[in-house]
Protein chains: 2
Amino acid sequence: MADATIRRMAVSARRGTPLTLEEISSTALRLIDEGGVEALSMRKLAAELDVNPMSLYHHVASKDALIRLICGTIQQRVHLPEDNGTPWQDQLRALAVAYYRHARSHPAMWTYLHAHREVIEDRTLAIWATLYRILRMAGVPEPELRRTSDVLHAFVTGLITTELHGHVPDDPEETAHTFDTAVHLMINGLAGYSAR
Amino acid sequence: MADATIRRMAVSARRGTPLTLEEISSTALRLIDEGGVEALSMRKLAAELDVNPMSLYHHVASKDALIRLICGTIQQRVHLPEDNGTPWQDQLRALAVAYYRHARSHPAMWTYLHAHREVIEDRTLAIWATLYRILRMAGVPEPELRRTSDVLHAFVTGLITTELHGHVPDDPEETAHTFDTAVHLMINGLAGYSAR
DNA sequence: ACCTGAACACCGTTCAAGT
DNA sequence: ACCTGAACACCGTTCAAGT
(Lines give C-alpha, C1' and ligand atoms only; values in the text may rest on other atoms or scores of the structure.)
Protein backbone atom coordinates (compact mmCIF):
# COMPACT_ATOMS: atom_id res chain seq x y z
CA MET A 1 0.00 0.00 0.00
CA ALA A 2 2.76 2.44 0.96
CA ASP A 3 5.08 3.41 -1.89
CA ALA A 4 7.87 1.37 -0.25
CA THR A 5 5.80 -1.70 -1.06
CA ILE A 6 5.26 -0.64 -4.65
CA ARG A 7 8.96 0.03 -5.17
CA ARG A 8 9.86 -3.36 -3.70
CA MET A 9 7.44 -5.20 -5.96
CA ALA A 10 8.76 -3.35 -8.99
CA VAL A 11 12.28 -4.68 -8.48
CA SER A 12 10.87 -8.17 -8.09
CA ALA A 13 12.70 -8.81 -4.86
CA ARG A 14 14.32 -6.23 -2.67
CA ARG A 15 16.83 -4.32 -4.76
CA GLY A 16 17.50 -7.30 -7.04
CA THR A 17 19.98 -9.21 -4.93
CA PRO A 18 18.61 -12.32 -3.18
CA LEU A 19 18.47 -12.57 0.60
CA THR A 20 21.21 -14.64 2.24
CA LEU A 21 21.49 -16.17 5.69
CA GLU A 22 24.77 -14.33 6.23
CA GLU A 23 23.11 -11.01 5.48
CA ILE A 24 20.22 -11.79 7.82
CA SER A 25 22.36 -12.81 10.75
CA SER A 26 24.89 -9.99 10.46
CA THR A 27 22.14 -7.38 10.24
CA ALA A 28 20.38 -8.98 13.20
CA LEU A 29 23.63 -8.84 15.18
CA ARG A 30 24.01 -5.16 14.33
CA LEU A 31 20.49 -4.45 15.62
CA ILE A 32 21.31 -6.33 18.82
CA ASP A 33 24.59 -4.47 19.24
CA GLU A 34 22.76 -1.18 18.86
CA GLY A 35 19.76 -1.78 21.08
CA GLY A 36 20.08 -5.01 23.01
CA VAL A 37 18.52 -8.39 22.28
CA GLU A 38 15.07 -7.06 23.12
CA ALA A 39 15.44 -4.53 20.28
CA LEU A 40 15.54 -7.29 17.68
CA SER A 41 12.22 -7.99 16.06
CA MET A 42 11.64 -9.97 12.91
CA ARG A 43 9.63 -7.10 11.48
CA LYS A 44 12.27 -4.47 12.18
CA LEU A 45 14.94 -6.78 10.81
CA ALA A 46 12.93 -7.29 7.63
CA ALA A 47 12.46 -3.53 7.26
CA GLU A 48 16.20 -3.04 7.69
CA LEU A 49 16.79 -5.53 4.86
CA ASP A 50 14.00 -3.98 2.77
CA VAL A 51 12.18 -7.28 2.61
CA ASN A 52 8.81 -8.68 3.57
CA PRO A 53 8.93 -9.97 7.17
CA MET A 54 7.88 -13.41 6.02
CA SER A 55 10.79 -13.80 3.63
CA LEU A 56 13.04 -14.27 6.65
CA TYR A 57 11.30 -17.50 7.50
CA HIS A 58 12.60 -19.03 4.32
CA HIS A 59 16.13 -18.84 5.67
CA VAL A 60 15.54 -19.26 9.38
CA ALA A 61 13.06 -21.43 11.25
CA SER A 62 12.18 -18.90 13.95
CA LYS A 63 13.44 -15.87 15.82
CA ASP A 64 14.82 -18.21 18.46
CA ALA A 65 16.75 -20.21 15.87
CA LEU A 66 18.17 -16.99 14.47
CA ILE A 67 19.41 -15.91 17.90
CA ARG A 68 20.94 -19.34 18.49
CA LEU A 69 22.70 -19.10 15.14
CA ILE A 70 24.17 -15.72 16.07
CA CYS A 71 25.27 -17.09 19.45
CA GLY A 72 27.17 -19.82 17.67
CA THR A 73 28.99 -17.58 15.24
CA ILE A 74 29.88 -15.16 18.05
CA GLN A 75 31.41 -17.92 20.14
CA GLN A 76 33.65 -19.04 17.32
CA ARG A 77 34.92 -15.49 16.97
CA VAL A 78 36.81 -15.37 20.29
CA HIS A 79 40.55 -15.07 19.69
CA LEU A 80 42.31 -17.32 22.20
CA PRO A 81 46.03 -16.87 22.94
CA GLU A 82 48.39 -19.68 21.91
CA ASP A 83 50.84 -21.36 24.26
CA ASN A 84 53.79 -18.97 24.11
CA GLY A 85 55.97 -20.64 26.71
CA THR A 86 55.43 -18.00 29.39
CA PRO A 87 54.47 -18.98 32.98
CA TRP A 88 50.93 -20.20 33.53
CA GLN A 89 50.11 -17.08 35.54
CA ASP A 90 50.75 -14.88 32.52
CA GLN A 91 48.83 -17.17 30.23
CA LEU A 92 45.83 -17.29 32.58
CA ARG A 93 45.78 -13.52 32.64
CA ALA A 94 46.08 -13.33 28.85
CA LEU A 95 43.17 -15.74 28.47
CA ALA A 96 41.00 -13.70 30.82
CA VAL A 97 41.87 -10.51 28.96
CA ALA A 98 41.06 -12.11 25.60
CA TYR A 99 37.71 -13.25 26.97
CA TYR A 100 36.97 -9.78 28.25
CA ARG A 101 37.86 -8.16 24.90
CA HIS A 102 35.58 -10.62 23.16
CA ALA A 103 32.71 -9.78 25.49
CA ARG A 104 33.24 -6.06 24.94
CA SER A 105 32.88 -6.41 21.18
CA HIS A 106 29.23 -7.57 21.47
CA PRO A 107 28.15 -6.81 25.06
CA ALA A 108 24.41 -7.33 24.66
CA MET A 109 24.75 -10.64 22.84
CA TRP A 110 27.39 -11.79 25.30
CA THR A 111 25.20 -11.04 28.30
CA TYR A 112 22.28 -12.85 26.70
CA LEU A 113 24.51 -15.80 25.91
CA HIS A 114 25.64 -16.21 29.50
CA ALA A 115 22.17 -15.78 30.97
CA HIS A 116 20.91 -18.56 28.63
CA ARG A 117 23.73 -21.01 29.06
CA GLU A 118 21.75 -23.84 27.46
CA VAL A 119 22.87 -22.21 24.21
CA ILE A 120 26.55 -22.82 25.02
CA GLU A 121 27.90 -25.73 27.02
CA ASP A 122 29.61 -27.14 23.99
CA ARG A 123 32.55 -28.56 25.84
CA THR A 124 34.49 -29.08 22.61
CA LEU A 125 34.81 -25.30 22.39
CA ALA A 126 38.41 -24.13 22.17
CA ILE A 127 38.11 -22.12 25.36
CA TRP A 128 38.00 -25.30 27.44
CA ALA A 129 41.05 -26.82 25.78
CA THR A 130 43.03 -23.66 26.47
CA LEU A 131 41.85 -23.50 30.06
CA TYR A 132 42.70 -27.18 30.63
CA ARG A 133 46.20 -26.64 29.24
CA ILE A 134 46.88 -23.70 31.55
CA LEU A 135 45.45 -25.43 34.61
CA ARG A 136 47.62 -28.47 33.97
CA MET A 137 50.63 -26.16 33.94
CA ALA A 138 49.41 -24.73 37.25
CA GLY A 139 49.53 -28.22 38.72
CA VAL A 140 45.80 -28.88 39.03
CA PRO A 141 45.43 -32.68 39.30
CA GLU A 142 43.64 -34.41 36.40
CA PRO A 143 40.46 -35.42 38.29
CA GLU A 144 39.98 -31.81 39.42
CA LEU A 145 40.45 -30.29 35.96
CA ARG A 146 36.86 -30.18 34.85
CA ARG A 147 35.48 -28.72 38.04
CA THR A 148 38.28 -26.20 38.45
CA SER A 149 37.92 -24.97 34.88
CA ASP A 150 34.15 -24.70 35.36
CA VAL A 151 34.65 -22.58 38.45
CA LEU A 152 37.27 -20.30 36.93
CA HIS A 153 35.15 -19.85 33.83
CA ALA A 154 32.22 -18.92 36.04
CA PHE A 155 34.38 -16.45 37.95
CA VAL A 156 35.57 -14.68 34.83
CA THR A 157 32.06 -14.69 33.40
CA GLY A 158 30.71 -13.06 36.56
CA LEU A 159 33.49 -10.51 36.53
CA ILE A 160 32.88 -9.55 32.91
CA THR A 161 29.12 -9.31 33.39
CA THR A 162 29.71 -6.98 36.32
CA GLU A 163 32.19 -4.88 34.35
CA LEU A 164 29.89 -4.68 31.35
CA HIS A 165 26.94 -3.39 33.40
CA GLY A 166 28.94 -1.58 36.05
CA HIS A 167 30.21 1.93 36.59
CA VAL A 168 28.78 4.54 34.23
CA PRO A 169 29.83 5.49 31.67
CA ASP A 170 33.09 3.58 31.32
CA ASP A 171 36.31 3.97 33.28
CA PRO A 172 39.17 1.98 31.68
CA GLU A 173 41.53 2.72 34.57
CA GLU A 174 39.08 1.41 37.16
CA THR A 175 38.27 -1.61 34.99
CA ALA A 176 41.96 -2.48 34.62
CA HIS A 177 42.52 -2.23 38.35
CA THR A 178 39.49 -4.40 39.18
CA PHE A 179 40.63 -6.89 36.58
CA ASP A 180 44.08 -7.03 38.20
CA THR A 181 42.57 -7.74 41.59
CA ALA A 182 40.50 -10.56 40.13
CA VAL A 183 43.38 -12.18 38.27
CA HIS A 184 45.59 -11.99 41.36
CA LEU A 185 42.89 -13.65 43.45
CA MET A 186 42.58 -16.50 40.96
CA ILE A 187 46.32 -16.99 40.63
CA ASN A 188 46.74 -16.93 44.40
CA GLY A 189 43.90 -19.39 44.75
CA LEU A 190 45.51 -21.80 42.30
CA ALA A 191 48.99 -21.40 43.80
CA GLY A 192 48.15 -24.04 46.40
CA TYR A 193 48.31 -26.71 43.71
CA SER A 194 51.82 -26.06 42.42
CA ALA A 195 53.12 -25.58 45.97
CA ARG A 196 52.17 -29.12 46.86
CA MET B 1 -18.49 -10.43 25.62
CA ALA B 2 -17.37 -13.76 27.12
CA ASP B 3 -19.28 -14.80 30.23
CA ALA B 4 -16.17 -14.14 32.32
CA THR B 5 -16.65 -10.46 31.52
CA ILE B 6 -20.29 -10.55 32.50
CA ARG B 7 -19.54 -12.25 35.78
CA ARG B 8 -16.82 -9.70 36.57
CA MET B 9 -19.12 -6.78 35.93
CA ALA B 10 -21.82 -8.33 38.08
CA VAL B 11 -19.57 -8.33 41.17
CA SER B 12 -18.66 -4.70 40.51
CA ALA B 13 -14.95 -5.33 40.93
CA ARG B 14 -13.23 -8.62 40.75
CA ARG B 15 -14.67 -10.83 43.48
CA GLY B 16 -15.49 -7.84 45.71
CA THR B 17 -12.07 -7.31 47.31
CA PRO B 18 -10.04 -4.37 45.96
CA LEU B 19 -6.76 -4.85 44.17
CA THR B 20 -3.59 -4.17 46.17
CA LEU B 21 0.00 -3.56 45.11
CA GLU B 22 1.10 -6.46 47.31
CA GLU B 23 -1.29 -8.81 45.54
CA ILE B 24 -0.13 -7.62 42.13
CA SER B 25 3.58 -7.99 42.82
CA SER B 26 3.34 -11.37 44.55
CA THR B 27 1.24 -12.81 41.73
CA ALA B 28 3.65 -11.38 39.17
CA LEU B 29 6.54 -12.98 41.03
CA ARG B 30 4.73 -16.31 40.99
CA LEU B 31 4.25 -16.07 37.22
CA ILE B 32 7.95 -15.27 36.82
CA ASP B 33 8.93 -18.17 39.07
CA GLU B 34 6.80 -20.49 36.98
CA GLY B 35 7.78 -19.42 33.48
CA GLY B 36 10.64 -16.93 33.55
CA VAL B 37 10.54 -13.15 33.25
CA GLU B 38 9.49 -13.40 29.62
CA ALA B 39 6.35 -15.28 30.72
CA LEU B 40 5.06 -12.25 32.59
CA SER B 41 2.61 -10.17 30.64
CA MET B 42 0.35 -7.49 32.02
CA ARG B 43 -2.61 -9.16 30.36
CA LYS B 44 -1.87 -12.61 31.77
CA LEU B 45 -1.25 -11.08 35.18
CA ALA B 46 -4.59 -9.31 35.03
CA ALA B 47 -6.34 -12.52 34.00
CA GLU B 48 -4.68 -14.32 36.93
CA LEU B 49 -6.05 -11.65 39.27
CA ASP B 50 -9.45 -11.72 37.53
CA VAL B 51 -9.22 -8.05 36.71
CA ASN B 52 -9.22 -5.82 33.66
CA PRO B 53 -5.65 -5.40 32.34
CA MET B 54 -5.90 -1.65 32.69
CA SER B 55 -6.70 -1.78 36.39
CA LEU B 56 -3.07 -2.71 37.03
CA TYR B 57 -1.93 0.68 35.78
CA HIS B 58 -3.67 2.29 38.71
CA HIS B 59 -1.20 0.68 41.07
CA VAL B 60 1.90 0.49 38.92
CA ALA B 61 3.28 2.94 36.36
CA SER B 62 4.44 0.34 33.82
CA LYS B 63 5.52 -3.25 33.42
CA ASP B 64 9.09 -2.11 33.87
CA ALA B 65 8.28 -0.36 37.14
CA LEU B 66 6.55 -3.52 38.36
CA ILE B 67 9.62 -5.63 37.61
CA ARG B 68 11.87 -3.12 39.35
CA LEU B 69 9.57 -3.23 42.37
CA ILE B 70 9.82 -7.01 42.50
CA CYS B 71 13.61 -6.84 42.15
CA GLY B 72 13.72 -4.58 45.18
CA THR B 73 11.56 -6.75 47.42
CA ILE B 74 13.52 -9.86 46.38
CA GLN B 75 16.83 -8.28 47.29
CA GLN B 76 15.64 -7.41 50.77
CA ARG B 77 14.63 -11.02 51.28
CA VAL B 78 18.16 -12.49 51.32
CA HIS B 79 18.95 -13.89 54.76
CA LEU B 80 22.55 -12.96 55.59
CA PRO B 81 24.43 -14.80 58.35
CA GLU B 82 25.41 -12.80 61.46
CA ASP B 83 28.91 -12.59 62.82
CA ASN B 84 29.11 -15.73 64.93
CA GLY B 85 32.74 -15.50 65.96
CA THR B 86 33.96 -18.30 63.70
CA PRO B 87 37.01 -17.84 61.42
CA TRP B 88 36.54 -15.63 58.37
CA GLN B 89 36.94 -18.63 56.08
CA ASP B 90 33.82 -20.24 57.55
CA GLN B 91 31.90 -16.99 57.44
CA LEU B 92 32.80 -16.37 53.80
CA ARG B 93 31.56 -19.83 52.94
CA ALA B 94 28.36 -19.29 54.91
CA LEU B 95 27.74 -16.02 53.08
CA ALA B 96 28.24 -17.65 49.69
CA VAL B 97 25.89 -20.48 50.65
CA ALA B 98 23.24 -18.02 51.85
CA TYR B 99 23.52 -16.13 48.56
CA TYR B 100 23.16 -19.35 46.60
CA ARG B 101 20.09 -20.42 48.60
CA HIS B 102 18.55 -17.04 47.95
CA ALA B 103 19.18 -17.32 44.20
CA ARG B 104 17.65 -20.80 44.17
CA SER B 105 14.41 -19.56 45.68
CA HIS B 106 13.67 -17.34 42.64
CA PRO B 107 16.08 -18.43 39.89
CA ALA B 108 14.49 -16.61 36.96
CA MET B 109 14.15 -13.31 38.80
CA TRP B 110 17.68 -13.63 40.16
CA THR B 111 19.17 -14.23 36.73
CA TYR B 112 17.29 -11.26 35.33
CA LEU B 113 18.45 -9.12 38.25
CA HIS B 114 22.12 -9.87 37.64
CA ALA B 115 21.89 -9.40 33.88
CA HIS B 116 20.33 -5.97 34.47
CA ARG B 117 22.61 -4.73 37.18
CA GLU B 118 21.42 -1.15 36.82
CA VAL B 119 18.52 -2.32 38.98
CA ILE B 120 20.85 -3.16 41.89
CA GLU B 121 24.08 -1.40 42.74
CA ASP B 122 22.60 -0.01 45.91
CA ARG B 123 25.79 -0.11 47.89
CA THR B 124 23.93 0.38 51.15
CA LEU B 125 22.56 -3.13 50.75
CA ALA B 126 23.34 -5.38 53.70
CA ILE B 127 25.29 -7.78 51.53
CA TRP B 128 28.12 -5.30 51.12
CA ALA B 129 28.36 -4.58 54.85
CA THR B 130 28.63 -8.29 55.56
CA LEU B 131 31.23 -8.79 52.85
CA TYR B 132 33.29 -5.83 54.09
CA ARG B 133 33.24 -7.21 57.64
CA ILE B 134 34.49 -10.63 56.52
CA LEU B 135 37.18 -9.21 54.24
CA ARG B 136 38.48 -7.01 57.06
CA MET B 137 38.81 -10.15 59.17
CA ALA B 138 40.71 -11.74 56.27
CA GLY B 139 43.21 -8.92 56.44
CA VAL B 140 42.28 -7.09 53.23
CA PRO B 141 43.64 -3.54 53.60
CA GLU B 142 41.05 -0.75 53.77
CA PRO B 143 41.81 0.87 50.35
CA GLU B 144 41.38 -2.53 48.65
CA LEU B 145 38.08 -3.34 50.36
CA ARG B 146 35.71 -2.00 47.74
CA ARG B 147 37.45 -3.55 44.78
CA THR B 148 38.01 -6.89 46.47
CA SER B 149 34.38 -7.13 47.55
CA ASP B 150 33.27 -6.20 44.03
CA VAL B 151 35.41 -8.97 42.59
CA LEU B 152 34.31 -11.63 45.07
CA HIS B 153 30.68 -10.68 44.59
CA ALA B 154 31.18 -11.00 40.83
CA PHE B 155 32.80 -14.40 41.29
CA VAL B 156 29.95 -15.76 43.39
CA THR B 157 27.39 -14.26 41.03
CA GLY B 158 29.05 -15.96 38.07
CA LEU B 159 29.22 -19.24 39.93
CA ILE B 160 25.55 -19.15 40.88
CA THR B 161 24.44 -18.19 37.37
CA THR B 162 26.41 -21.16 36.04
CA GLU B 163 24.94 -23.51 38.64
CA LEU B 164 21.41 -22.26 38.01
CA HIS B 165 21.61 -22.89 34.25
CA GLY B 166 24.00 -25.80 34.35
CA HIS B 167 23.76 -29.56 34.47
CA VAL B 168 20.30 -30.93 33.82
CA PRO B 169 18.20 -31.65 35.70
CA ASP B 170 19.78 -30.93 39.08
CA ASP B 171 22.58 -32.79 40.82
CA PRO B 172 22.97 -31.59 44.43
CA GLU B 173 26.11 -33.68 44.96
CA GLU B 174 27.85 -32.19 41.93
CA THR B 175 26.70 -28.70 42.88
CA ALA B 176 28.08 -29.06 46.40
CA HIS B 177 31.41 -30.27 45.09
CA THR B 178 31.73 -27.43 42.58
CA PHE B 179 30.76 -25.00 45.30
CA ASP B 180 33.51 -26.37 47.54
CA THR B 181 36.10 -25.92 44.81
CA ALA B 182 34.99 -22.32 44.31
CA VAL B 183 35.05 -21.44 47.99
CA HIS B 184 38.49 -23.02 48.41
CA LEU B 185 39.83 -21.01 45.47
CA MET B 186 38.54 -17.77 46.97
CA ILE B 187 39.85 -18.52 50.45
CA ASN B 188 43.23 -19.49 49.02
CA GLY B 189 43.27 -16.36 46.95
CA LEU B 190 42.59 -14.18 49.98
CA ALA B 191 45.08 -16.03 52.19
CA GLY B 192 47.88 -13.88 50.81
CA TYR B 193 46.54 -10.91 52.76
CA SER B 194 46.58 -12.40 56.24
CA ALA B 195 49.98 -14.03 55.59
CA ARG B 196 51.55 -10.62 55.12
C1' DA C 1 -10.68 6.90 44.06
C1' DC C 2 -10.81 3.05 41.50
C1' DC C 3 -12.10 0.46 37.59
C1' DT C 4 -13.29 -0.47 32.63
C1' DG C 5 -13.72 -1.01 27.11
C1' DA C 6 -12.21 0.37 22.95
C1' DA C 7 -8.42 1.54 20.43
C1' DC C 8 -3.43 2.12 18.84
C1' DA C 9 0.83 0.58 17.56
C1' DC C 10 3.32 -3.07 17.97
C1' DC C 11 4.82 -8.47 18.22
C1' DG C 12 5.93 -13.83 16.10
C1' DT C 13 4.16 -16.96 13.05
C1' DT C 14 0.85 -19.73 9.67
C1' DC C 15 -0.96 -20.35 5.39
C1' DA C 16 -2.44 -19.97 0.80
C1' DA C 17 -1.11 -17.69 -3.13
C1' DG C 18 1.96 -15.59 -6.29
C1' DT C 19 6.56 -15.47 -9.55
C1' DA D 1 12.93 -22.13 -5.16
C1' DC D 2 11.96 -18.02 -3.28
C1' DC D 3 8.96 -14.37 -2.01
C1' DT D 4 4.53 -12.10 -0.52
C1' DG D 5 -0.20 -10.31 1.78
C1' DA D 6 -3.66 -11.24 4.71
C1' DA D 7 -4.75 -13.06 8.91
C1' DC D 8 -4.37 -14.88 13.82
C1' DA D 9 -3.31 -14.58 18.41
C1' DC D 10 -0.81 -12.13 21.10
C1' DC D 11 1.78 -7.73 23.36
C1' DG D 12 2.16 -2.72 26.42
C1' DT D 13 -0.13 1.37 26.97
C1' DT D 14 -3.40 5.70 26.29
C1' DC D 15 -7.59 7.74 26.86
C1' DA D 16 -12.26 8.83 27.64
C1' DA D 17 -15.86 7.06 30.13
C1' DG D 18 -18.09 4.75 33.82
C1' DT D 19 -19.12 3.74 39.27
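In what follows, chains carry the letters A, B, and so on, assigned in the order in which the sequence lines appear, proteins first and then strands, with residues in each chain numbered from 1.
Side-chain N/O atoms of B:H58 include none lying less than 4.0 angstrom from OP1 or OP2 on C:dT4. For C:dC2, the OP1/OP2 oxygens have no side-chain nitrogen or oxygen of B:S55 closer than 4.0 Å.
Judged purely by atom type and a 3.5 angstrom limit, B:H153 has no side-chain atom pairing as donor or acceptor with the backbone of B:S149. B:H102 contributes a side-chain N or O that, together with a main-chain N or O of B:I74, makes up a donor-acceptor pair within less than 3.5 Å.
Pairs engaging residues 53-64 of chain B under the side chain to side chain donor-acceptor pair (under 3.5 Å) rule: B:D64-B:R68 [sequence neighbours left out]. Applying the ring pair (Phe, Tyr, Trp, His ring centres under 6.0 Å) definition to pairs two or more places apart or across chains, those involving residues 172-192 of chain A are A:Y100-A:F179.
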Using nucleotides 14-19 of chain C, report all nitrogen or oxygen pairs with the protein that are shorter than 3.5 Å.
none

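Taking a 4.0 Å limit (strictly below) on heavy-atom distances, residues 36-45 of chain B reaches DNA chain C at B:R43.
The local environment of CZ in A:R101 is sparse, with at most 12 non-hydrogen atoms from other residues, nucleotides or ligands closer than 6.0 Å.
Side-chain contact check for A:I67 versus A:M109: some heavy-atom pair is nearer than 4.5 Å. Using a 4.5 Å cut-off on side-chain heavy atoms (C-beta onward), B:C71 and B:Y112 make contact. Between B:H106 and B:I32, every side-chain heavy-atom pair lies at or beyond the 4.5 Å cut-off.
With rounding to the nearest 0.5 Å, the separation of CG in B:L190 from CD1 in B:I134 is 10.5 Å.
Spacing between atom CG of B:L31 and atom P of D:dC11 amounts to 11 Å, rounded to whole angstrom units. The distance between atom NE2 of A:H59 and atom P of C:dG12, rounded to the nearest whole Å, is 18 Å. Distance, A:L66 CG to C:dC11 P: 15 Å, rounded to whole Å. In this structure, A:L56 places its CG atom 10 Å from P of C:dG12, rounding to the nearest Å. Whole-Å rounding puts the A:E23 CD to D:dC2 C1' distance at 14 Å. Rounded to an integer number of Å, the gap from B:K63 NZ to D:dC11 P is 9 Å. The nearest whole Å value for the distance from the CG atom in A:N52 to the C1' atom in D:dA7 is 13 Å.
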List the steps and the verdict of side chain to side chain donor-acceptor pair (under 3.5 Å) for B:T175 and B:E163.
-> CA-CA 7 Å; B:T175 295; B:E163 283 300 312; 3.0 Å; yes

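In this view, B:Q89 and B:P87, B:I187 satisfy the side chain to side chain contact (heavy atoms under 4.5 Å, CB included) rule, not counting sequence neighbours.
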For DNA chain C, the expected dot-bracket line (Watson-Crick or G-U under 3.5 Å, [ ] crossing, | inter-strand) is ||.|||||...|||||.||

